[in-house]
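Being a predicted model, the structure only gives us computed values, none of them experimental.
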Amino acid sequence: MQHPPYNLSQPSRGHGSNLISFSINSLHPAAARHDETRHQARKLALPRGRVRRGVREISIPSSPSLSSASGSRWSIRSKKEKENENENEKEMEMGVMDPYIVGTFFASMLGLVLLCVLRRRDGDVRAKAPIPRRGGDYVTTRDASPRDSANRDCSPENGFGAADVVIVGAGVAGSALAHTLGKDGRRVLVIERDLTEPDRIVGELLQPGGYLKLIELGLEDCVEEIDAQRVLGYAIFIEGRNTRLSYPLGKFHSDVAGRSFHNGRFIQRMREKAATLPNVRLEQGTVTSLIEYNGTIKGVHYKTKAGQELEVFAPLTIVCDGCFSNLRRSLCKPKVDIPSHFVGLVLENCELPFANHGHVILADPSPILFYQISSMEVRCLVDVPGQKLPSIANGEMAKYLKSVVAPQIPPQVHDAFVAAIDKGNIRTMPNRSMPADPYPTPGALLLGDAFNMRHPITGGGMTVALSDIVVLRDLLKPLHNLHDATALCKYLESFYTLRKPVASTINTLAGALYKGASGIIFPIVRAEGVRQMFFPRTVPSFYRAPSDN
């Protein structure tokens, strides 16, 4: 793949005009709650003792001329507002007495002067502070970094210049995130172990909610030209009976529906679209470790395709290297459960009983899925519970599929199913679930399957990842300078709370549909956090959501 060269002298450009906005209120009950959450959070976006001036925040000392608003924001009222508020005692508490206006002005100016002095002093200290390099030695920032970078964002060997964000992994989450942040003007470096087209048996069904997130991110054209199939609902089969359940899409545009496709084709389209942005670069390499200094993640060590060992620095590192992540242990407490495995087959030249629908067979001992992934191919996923699978090599798996599974599938696809078994291209993968349990770490964030997984029976994983990217994009927009480590850390902590309404709903549904018992629902709720799921407004980090620019 050819990537456009990065020109350091060329200013980064956002592409906000190309972003298609969508009303969240009409998408999904959980999404509506999420929108309401963000709206309420805007009112209390800044920590106590901070006032926004343009795009900056300045600290000002407490004084009698300032009064607290809802316990988290100082508000300055004009004389006219004061006169109106005298009519109401509660509102009077929010106002500022007219005699103190002059004092407020001078207090603000004093705070601004002090802030400038402290920032200059902090810059001198930071310039002398060492940062880690390979081999265990250290180098000062002033010696190592370009002038516009506080942390030597990218090594000169890369020829890329300074980066604002380093993304580890270019799957669905990493590619979509790179394009999204690139459109907002961030300089993004993506490091992916293998940039050739992936070949997976999951991540092939995008629910309508996920497609709506694609629209919101301006990525809906990534399901075009890959022979993707529209999905309008599900057909459920049990003991010879069946019923069809359609998505409630009547209020949406006719193009809004689920999509099923080859996972690798979808990812390649998103990678290509991200690479078209001049401030986004995709590089093939293997990240070996995170660079940490004094509890803050400064960047990553990685090995290039040619075997060269390099390090790259940026104020924000986002790890989204998938379900097999080897970096997540530094950023969360992984509690991975593997309740079952999927056995994957591709059926050719067959028609499903219900066109444009996913098919779920509630079989014994566990479900079987069928859905179209191209105009000529049907994916079959057989869930096999437990940790141990019948052997493919000695024929035990083929015997299990023919004797136990085949008698329970619809007659319309029986012959194609047996033919796929005889063809021998049988693949397996573990079904993993892992609740989100992060360590809030300055300078770093987890995303995608590296951070949070659920049983893939509902096809909800990509929807969660894309929803998280929308939350993160909106959260970072007010932060024009990611080098403000303190502010960045507070906003990143808010991400873990603001994502909960959508993510926890899908996670709970996936677990409930798979085992269908309260024994699984309550552990998930407990792991996800009762307070975060049902009472997010009571979580302190909720109040650090972004405000409108």
- Ile392: what forms a side-chain contact (heavy atoms from CB on, under 4.5 Å) with it, not counting sequence neighbours? Met397, Ile426, Thr428
- Task: Return yes if some donor-acceptor pair links the side-chain N/O of Gln387 with the main-chain N/O of Ile338 below 3.5 Å, else return no.
- Result: yes
- Query: Does Asp449 come within less than 4.0 Å of Arg328, counting only side-chain N to carboxylate O?
  - Reply: no
- Query: With sequence neighbours left out, what residues match Lys333 under salt bridge (charged side-chain N to carboxylate O under 4.0 Å, His left out)?
  - Reply: Asp437
- Are the side chain of Lys423 and the backbone of Val418 linked by a donor-acceptor contact shorter than 3.5 Å? no
- Message: I'd like to check Val300 versus Val168 (side-chain heavy atoms, cut-off strictly below 4.5 Å). Are they in contact?
- Response: yes
- With sequence neighbours excluded, what pairs up with Ala465 under the side-chain contact (heavy atoms from CB on, under 4.5 Å) test? Ala173
- Determine the minimum heavy-atom distance between Ile368 and Val382, stating which atoms define it. CG2-CG2, 4.1 Å
- Message: Using only atom types and a distance under 3.5 Å, with no angle test, would you say the side chain of Ser175 pairs donor to acceptor with the backbone of Gly171?
- Response: yes
- Message: Among residues at least two apart in sequence or on other chains, which ones pass ring-ring contact (aromatic ring centres under 6.0 Å, His included) with Tyr211?
- Response: none
- Task: For residues Asp221 and Arg269, determine if any side-chain heavy atom of one lies less than 4.5 Å from a side-chain heavy atom of the other.
- Result: yes
- Taking only residues at least two apart or on different chains, which pairs with a member in residues 324-350 satisfy ring pair (Phe, Tyr, Trp, His ring centres under 6.0 Å)? Phe342-His455
- Do the non-hydrogen side-chain atoms of Asn425 and Leu345 ever get within less than 4.5 Å of each other? no
- Item | Residues Arg379 and Glu377 bridged, charged N to O under 4.0 Å | no
- Query: In this structure, are over 12 heavy atoms from other groups packed under 6.0 Å from Arg193 atom CZ?
  - Reply: no
- Query: Can we say Glu396 and Lys399 salt-bridge, meaning some charged N sits less than 4.0 Å from an Asp/Glu carboxylate O?
  - Reply: no
- Message: Could you check whether any side-chain heavy atom of Tyr302 comes within less than 4.5 Å of a side-chain heavy atom of Thr286, counting everything from C-beta outward?
- Response: no
- Any ion pair linking Glu197 and Arg271 (charged N to carboxylate O, less than 4.0 Å)? no
- Query: Is the Tyr496-Phe451 ring centre distance short of 6.0 angstrom?
  - Reply: yes
- Task: Give every residue pair that meets the ring pair (Phe, Tyr, Trp, His ring centres under 6.0 Å) criterion with at least one member in residues 228-248, sequence neighbours excluded.
- Result: Phe237-His359
- Message: Does atom CD (Glu351) have a neighbourhood of more than 12 heavy atoms from anything else shown, all under 6.0 Å?
- Response: no
